[in-house]
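First comes the structure, then the notes that go with it.
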Amino acid sequence: MKVLSGEGPDVREGASEVASGGARSSEEFVRGRGIRLIREDGTAFLDAASGTFNVPLGYDHPEVTNAVMEQLRRMAHASSSLMAGQAKQVLSELLAHAPAHLTAGWMRDITGSTANECAVQVAQKATGKTDILSLFLSHHGQTQFTTAISGNAFRRKGFPESVSPHSVKVPAPYCYRCFYKAKYPGCGMLCVERISDFVEYASSGSVACMLVEPVLGNGGNVVPPPGYFQALNKLCEEKGILLIADEVQTGMGRTGHLFASEALGFKPNIVTLAKGLGGIGIPVAAVLFEGALDVMESHEHSFTSGCNPLALTAASATLKAMTSGHLLANVRRNGIVLGELLGQLATRYPCIGDVRGLGYMWGLEIVRADGSPDVEKTLALIRVAGERHQLVLRGSRYSFGNVVKVRPPLIATQDDLEEIVARLSRALADVG
Ligand SMILES: Cc1ncc(COP(=O)(O)O)c(C=O)c1O
């Protein structure tokens with residue numbers, strides 16, 4: 001079967017099949033139902049990765065599916081210049097649920113990468129400054145620009161345009177393997193304090209913004225320590241640097257709140273959303289910002305499929321599904337249970353060095369007896385979980401490549417979570 005170990009390898013496998021015109025493999029998934037992926041022969045897998053973290057409502061959520069189908073019958077596309085009304089409507093729906101200081105936005109993206117590009121454009125245009133701070137281990141997309149400002153070199157190798165003179169990366173708040181070899185809380189939060197040195201000595205002296213993921217997703221599900229974002233907010237304010245929260249993974253309910261920045265108690269000037277915004281995997285993205293940052297002209301950031309009516313419809317229906325019932329309250333409540341269940345696994349399997357997360361966004365750091373990253377076991381665990389226990393998990397090539405991500409769709413019930421952890425436990429026993 002396909003090994004769902006990280007984002008890079010999957011893409012390459014899929015691409016070669018398409019390129020060779022290959023027939024559908026019997027091991028491929030042909031259908032999705034709720035939180036399950038199903039093969040041609042009917043074998044069902046529990047998807048504990050929510051697709052590519054972009055299927056929060058499961059594969060066939062009725063309201064979102066019906067809304068998109070209805071829109072599809074009416075019209076799949078109209079030029080973005082003709083869709084301004086629907087885009088404005090969906091944007092206002094999003095803003096109505098956003099933190100009160102975010103009062104404007106941009107609804108012409110369908111990927112997280114270009115939404116982040118837009119956010120940086122907004123920051124640069126509004127401030128007249130150039131540089132972009134971001135974190136080691138961060139992932140902000142795969143266009144050449146967003147690759148350039150992401151915190152890992154492996155995606156940049158061989159692509160000279162993926163390096164930006166305006167990008168300054170600073171150590172991440174990764175307490176488990178602290179860059180400064182310090183210990184929270186006695187560390188004085190060097191990961192914030194030392195940013196001033198990077199601004200002083202590594203930037204051009206003209207820093208427009210700092211881009212952060214509230215929980216570093218591909219970087220290993222790194223949850224910053226309490227107080228980190230408040231200190232960052234303060235530092236950015238003092239230095240006139242706009243704070244951008246890349247909520248492409250953490251937004252739209254993943255943490256049990258529509259916005260993780262709200263859950264973590266900080267105030268970014270700009271927020272980007274994508275992935276979960278499409279509910280059942282429909283591509284759509286949004287950029288929300290403070291009214292004073294509403295500086296972009298439509299010709300400055302627009303695409304053929306920007307304002308696509310299917311995407312806008314999916315976003316609107318997803319937002320409604322997430323805000324009208326008990327979904328987010330369930331994620332908050334069950335997310336605690338998920339964390340406890342994973343914590344119990346860690347007491348039984350010493351290869352789990354750290355369990356961290358919130359809501360339905362958890363990561364297990366797989367280590368050797370001496371605490372060093374165990375990449376082989378991580379990959380084996382993901383493979384065995386799929387092959388023997390029909391459990392879809394994802395890993396990451398970022399960081400040390402030794403984090404298994406457990407991020408079920410938000411519709412997963414407590415029973416589903418228990419089943420996921422039971423299968424994970426059997427896979428852990430198998431890999432020893
Ligand atoms: C935090 C974060 N930002 C941005 C992106 C890029 O989004 P997309 O793949 O839709 O361009 C991703 C994708 O994994 C992501 O995880």
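Order of listing sets the numbers, starting from 1, for every ligand and every atom in it.
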Pairs of nitrogen or oxygen atoms closer than 3.5 Å, one from [X] and one from ligand 1: do any exist?
X: Lys275; value: yes
X: Gly112; value: yes
X: Asp246; value: yes

Checklist entry - Quick one: do Lys320 and Glu93 make a salt bridge, cutoff under 4.0 Å? => result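 Not counted as a salt bridge, because no side-chain N and carboxylate O are separated by less than 4.0 Å.
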Next on the checklist: Can you tell me which portion of Ser113 lies within the under-4.0 Å heavy-atom range of ligand 1? Options are side chain, backbone, both, or neither.
Outcome noted: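 The answer is both, backbone and side chain.
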Next on the checklist: Heavy atoms only, cut-off 4.0 Å: how does Thr111 contact ligand 1, side chain, backbone, both, or neither?
Outcome noted: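 Thr111 to ligand 1: contacts from backbone and side chain alike.
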Next on the checklist: Could you tell me, atom by atom, which parts of ligand 1 come under 4.0 Å of a heavy atom of Asn116?
Outcome noted: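 With Asn116 as reference, the close atoms of ligand 1 come out as 3 (N), 4 (C).
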Item to check | Those atoms of ligand 1 less than 4.0 Å from some heavy atom in Glu213 | outcome: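 Ligand 1 atoms under the 4.0 Å threshold to Glu213: 1 (C).
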Kindly list each side-chain donor-acceptor pair under 3.5 angstrom involving residues 103-110, sequence neighbours excluded, with atom names and distances?
unit_1, atom_1, unit_2, atom_2, d
Thr103, OG1, Gly291, N, 3.1
Trp106, NE1, His301, O, 3.0
Arg108, NH1, Ser302, OG, 3.0
Asp109, OD1, Thr114, OG1, 2.5
Asp109, OD1, His301, NE2, 2.7
Asp109, OD2, His301, NE2, 3.1

Next on the checklist: Tell me every residue that passes side-chain hydrogen bond (donor to acceptor under 3.5 Å, both in side chains) with Tyr174, counting only those two or more places apart in sequence or in another chain.
Outcome noted: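 Per chain and number, Tyr174 pairs via side-chain hydrogen bond (donor to acceptor under 3.5 Å, both in side chains) with Glu365.
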Checklist entry - Step by step, would you call Thr130 with Gln124 a side-chain hydrogen bond (donor to acceptor under 3.5 Å, both in side chains)? => result CA-CA 6 Å; Thr130 50; Gln124 289 175 327; over 6 Å; no
Item to check | Candidate with minimal heavy-atom separation from atom 2 (C) of ligand 1, of Glu247, Glu117, His139 | outcome: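 Answer by nearest heavy atom: His139.
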Next on the checklist: Could you tell me if the side chain of Phe29 sits less than 4.5 Å from the side chain of Val392, heavy atoms only?
Outcome noted: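 Val392 reaches Phe29 side chain to side chain.
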Checklist entry - Between Tyr180 and Arg194, is there a cation-pi geometry (under 6.0 Å to ring centre, at most 45° from the normal)? => result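 Pair Arg194/Tyr180 counts as cation-pi.
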